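Keep in mind that the numbers below use all heavy atoms, side chains included, and drop hydrogens, waters and symmetry copies. Keep in mind that this is a model prediction, so the values were computed, not measured. So that the names make sense, note that chain A is the first sequence line, chain B the second, and so on, each numbered from 1.
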Number of protein chains: 2
Amino acid sequence: MSGSTGTTARGPYRTGIRRREQIVATAITVFGEYGFAGGSIRTIADRVGVSHATLLQHFGSKEGLLTAVLQEWDRRTVEASLTDVAGLDYFRRLPEVMTAHLNNRGLLELFTTIAAEASSPAHPAHAFIQRRYTDNLATLATHLQQAVDAGEVAPLTPAEIEIEVRLVTAVLDGIGLQWLLDSSTDVTASVETYINRTIAAWSSGHR
Amino acid sequence: MSGSTGTTARGPYRTGIRRREQIVATAITVFGEYGFAGGSIRTIADRVGVSHATLLQHFGSKEGLLTAVLQEWDRRTVEASLTDVAGLDYFRRLPEVMTAHLNNRGLLELFTTIAAEASSPAHPAHAFIQRRYTDNLATLATHLQQAVDAGEVAPLTPAEIEIEVRLVTAVLDGIGLQWLLDSSTDVTASVETYINRTIAAWSSGHR
DNA sequence: GTCTATAGACTGATAGAC
DNA sequence: GTCTATCAGTCTATAGAC
C-alpha cells in the first residue's frame, strides 16, 4: 500500500494526513469516554493540541468527524477479523479474538457507548450501527451454515441459526461491557465456556 | 401503603408529588433516548409542559434528577423481580421476566444507554451502575449455589459460578440491545434457548 | 409551586489573518 | 494548515416576582 499512492511518503499532504489520523485516534477515546453527545470537539482538539477550528477544517462538522471515527473503527475491526478460517473454526477462535480486543480499551469503549447511544433512531450513527449488526449477524450465520453443510454440526433451521448467532453476539457484547465496568472480569474464560458448550450442543443435536 | 402516610391522598403535597413522578417518568424516556449527557433538562421540562426552572426547583440539579431516575428504575426493577422462586427455578423463569421487560421500552433503553455511558469512571452514574452489576451478579450466584446445594445441578467451583452468572447477564444485556436496534429480534426464544441449554449442561456436569 | 429573566459557561460553526 | 476572534445558540443554574 505504501508504493503507488505515495500518501505515506514525503510530500505536501504528509503532515495533514498525520494530523487527521491523530485527531481520529483522539476522537475515538473521547467519544468512547463521553459518548458522541457528551464528547465535544473542543475536548478532542485540546487533547490533540490544536484549536477546535483546525479540527472542523479537516472534517467539516462534528458529524463528519463521527463518520471518520466510525470508518476507522470499521477498518481496524475488519483488519483484526478472521479471514482465513471457515465453519466451526471461526467460532472456536472467537475467544482469542475477543481477548485481543481487550488490548485496545478505547475501541471497545467506543463501540459499546455508541451502539447503546445509537439505539435511538434519531442518533446520527443509528443507520451505521444497525447495518453493522446486520452484517455481523449475517457473517456469523454464513459460517454456522457452512458448519452445517460440512456436517460439522447437526442441521439447523434458519430461525435456529438466527437465534444462535444473536446469542453469540450478545455474549461478546455483554461480556465486553462487564469487562469495561470491572476489569477483573475473566473475558477469555467466559467466552470459552460459552463457545465450547455451544459447539457441544450443536454437535450433539441437543438444542 | 396508602393509609398512614397520606402522601397519595388529598393534601398540600399531592400536586407536588404528582409532578415529581411525572418529571421522573419523562426523564426516564429522555435519558433513555439521548443519554444523560445528551438529554437536557429543558427537553424534559418541555415534554412535561413546565419550565426548566420548575424542574430544578424539585431536584436541585440535573444530577439530582438522575439520582431520582436511577432510584425509580431500581424500585421498578425490584418490583418486577422474582422473589417467590429459588434455585434453578429462578433461571427457568428468566425468559418470561425478560419478555415482560419489553413492555417498557423506555426502561430498557434507559438502562442500556446509562450502563454504557457510565462505563467511564468519571460518569455520575458510574458507582451506581457498578454496584448494580455487583448486586445482580451476587443474586444470581446465590441462586445457582442453592441449586448446587439442593443437588439440582452438578457441583461448581466459585470461579465457575462467577463465569456462569456473568454469561447469563451478558445474554440478557446483549439480547436486549439487539432488540432495541431491531424489534424483530425474538427475545423470548433466544433467552429460552440459552437457559435451556445452560441448565442441561449444569445438570449433566458437562461444563 | 411555578413562572420570567438572566447570569455565566459551553456548544458547533464561520470569517479572516498569517 | 493552523491560528484568533467571534457568532448565535444552548446548556445548567440562580434570583426574584407572583
(request) Would you kindly give the CZ-to-C1' distance between A:F59 and C:dT14, to the nearest whole Å? (result) 18 Å
(message) Using every non-hydrogen atom in the two residues, find where B:R20 and B:H58 come nearest and quote the distance to one decimal.
(response) NH1-O, 3.5 Å
(request) Starting from C1' on C:dG1, measure out to CD on B:E21 and report it in whole angstrom. (result) 16 Å
(message) With a 4.0 Å cutoff (strictly under), does any side-chain N or O of A:R19 reach OP1 or OP2 of D:dT2?
(response) yes
(message) Please confirm whether the shortest side-chain N or O distance from A:T54 to OP1 or OP2 of D:dC3 is below 4.0 Å.
(response) yes
(request) Measure from NZ or CZ of A:R105 to the centre of the six-membered ring of A:W179 and say whether it is under 6.0 Å with the direction within 45° of the ring axis. (result) yes
(request) Starting from P on D:dT10, measure out to CD1 on B:I44 and report it in whole angstrom. (result) 17 Å
(request) Have a look at A:S40 and say if it touches a base, only the backbone sugar-phosphate, or nothing, with a 4.0 Å heavy-atom cut-off. (result) sugar-phosphate
(message) Please find the pair of heavy atoms, one from B:F36 and one from B:K62, that lie closest to each other, and give the distance.
(response) O-NZ, 2.7 Å
(message) Output the rounded distance in Å from CZ (A:R18) to P (D:dG1).
(response) 14 Å
(request) Hey, can you tell me if A:H143 and A:F91 have their rings parallel, tilted or perpendicular (30° and 60° cut-offs)? (result) perpendicular
(message) Between P on C:dG1 and CG on B:L55, what's the gap in Å once rounded to a whole number?
(response) 14 Å
Give every pair of a protein N or O atom and an N or O atom of nucleotides 13-18 of chain D that lie under 3.5 Å apart, one pair per line with the distance.
unit_1: D:dA13; atom_1: OP2; unit_2: B:K62; atom_2: N; d: 2.6
unit_1: D:dA13; atom_1: N7; unit_2: B:H52; atom_2: NE2; d: 3.4
unit_1: D:dA13; atom_1: N6; unit_2: B:H52; atom_2: NE2; d: 2.5

(request) Can you tell me the distance, in whole Å, between the CD atom of A:Q22 and the P atom of D:dG1? (result) 15 Å
(request) Report the relative orientation of the aromatic rings in A:F111 and A:W73; use parallel for angles under 30°, tilted for 30 to 60°, perpendicular for over 60°. (result) parallel
(message) Looking at every heavy atom in both A:T99 and A:P95, which two are closest together, and how far apart are they?
(response) OG1-O, 2.7 Å
